[in-house]
Amino acid sequence: MSAPSAANAQTFWQCAPFARVFSGIQLFGAAGSWWNQAIGKYSQGTAPKLGSVLVFKAIGSMRSGHVATVTQVVSDRIIKVTHANWGTRGQVERDVTVVDASAKGDWSAVKVWYGPIHDIGQKAYPTYGFIYSGAKAVARGAEAASSKVLGYDDATIAG
């Protein structure tokens, strides 16, 4: 996976638009709302997978939540993510270490590498889990694209 070319410039990125472009997951609005928006559109779960999006819950210090795209699964409790607007306002950070800090090992709380201190942050952030850009999304996209290309919709086929 490579970051969008605009990320290489001095562009100010919010996490949600960056994650949408980087992951291909087509959800919109506040990052913390992505979890509920994904229901019925994308598969979701508690296990990190390459290309999935980790959704952070909205809390006092992150009123809109946060999203980050998994770029590497290092172990069952450590991943790398690429995300925007975390350590340095508006900037993209690539392959940042994230550690599962949950008691049950279910990724419901994480600690994130924080560049300014050159270490894993001390605070554990609550998360919903991971949104996968798998088969449901691909199938829907293919159906929509073929209908547009061929010039008919499901009603035409059924009739």
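What you see below is based on every heavy atom in this structure, not just the backbone, and it leaves out hydrogens, waters and symmetry mates. Given the structure is predicted, the values throughout are model-derived calculations rather than measurements.
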Enumerate donor-acceptor pairs with a distance under 3.5 Å from any side-chain N or O in residues 100-109 to protein atoms, sequence neighbours excluded.
residue : atom : partner : partner atom : Å
D100    : OD1  : S102    : N            : 2.9
D100    : OD1  : S102    : OG           : 2.6
D100    : OD1  : W107    : N            : 3.4
D100    : OD2  : R77     : NE           : 3.1
D100    : OD2  : S102    : OG           : 3.4
D100    : OD2  : W107    : N            : 3.4
S102    : OG   : G105    : N            : 3.1
S102    : OG   : D106    : N            : 2.9
S102    : OG   : D106    : OD1          : 3.1
S102    : OG   : W107    : N            : 3.3
D106    : OD1  : S108    : N            : 3.1
D106    : OD1  : S108    : OG           : 2.7
W107    : NE1  : D76     : O            : 3.3

Show me the donor-acceptor pairs within less than 3.5 Å that the side chains of residues 54-67 make with the rest of the protein, sequence neighbours left out.
residue : atom : partner : partner atom : Å
S61     : OG   : K123    : NZ           : 3.4
H66     : NE2  : H83     : ND1          : 2.9

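Following chains of ILVMFWY side-chain contacts shorter than 4.5 Å, one cannot reach V53 starting from I39, and the two form parts of different hydrophobic clusters. No continuous path of ILVMFWY side-chain contacts below 4.5 Å connects F28 to Y128, so the two sit in separate hydrophobic clusters.
Put simply, SG on C15 and CZ on F22 are 14.0 Å apart, with the number rounded to the nearest 0.5 Å. To the nearest 0.5 angstrom, I78 atom CD1 is 10.5 Å from Q72 atom CD. Between the CG atom of D119 and the CH2 atom of W113 there is a distance of 5.5 Å, given to the nearest 0.5 Å. S133 contributes atom OG, which lies 15.0 Å from atom NZ of K41 (distance to the nearest 0.5 angstrom). From Q14, atom CD reaches atom CZ of R89 across 6.5 Å, with rounding to the nearest 0.5 Å.
In terms of modelled atom types and a separation under 3.5 Å, the side chain of N85 and the main chain of G90 share a donor-acceptor contact. A side-chain donor-acceptor contact under 3.5 Å links Q44 to the backbone of W35. A donor-acceptor contact shorter than 3.5 Å is absent between the side chain of T88 and the backbone of Q91. The backbone N or O of A19 sits less than 3.5 Å from a side-chain atom of S23, completing a donor-acceptor pair.
Smallest separation of non-hydrogen atoms from V98 and V110: CG1-CB, 3.7 Å. Taking each heavy atom of G51 and T69 in turn, the nearest pair found is O-CG2, 3.9 Å. Closest heavy-atom contact between A38 and L27: CB-CD1, 3.9 Å. Nearest heavy atoms, D95 versus T71: OD1-OG1, 2.7 Å. Listed here is the closest heavy atom pair of F130 and I79: CE2-CD1, 4.0 Å. The minimum heavy-atom distance between A84 and W13, with the atom names listed, is CB-CB, 3.6 Å.
In this view, Y125 and W86 satisfy the ring-ring contact (aromatic ring centres under 6.0 Å, His included) rule, not counting sequence neighbours.
By the 4.5 Å heavy-atom criterion applied to side chains, Y114 and I120 are not counted as neighbours. In this structure the side chain of F18 reaches within 4.5 angstrom of the side chain of T82, judged on heavy atoms. Looking only at side-chain heavy atoms (C-beta outward), I25 and Y42 come within less than 4.5 Å of each other. Side chains of K80 and V74 form a contact here, defined as non-hydrogen atoms less than 4.5 Å apart.
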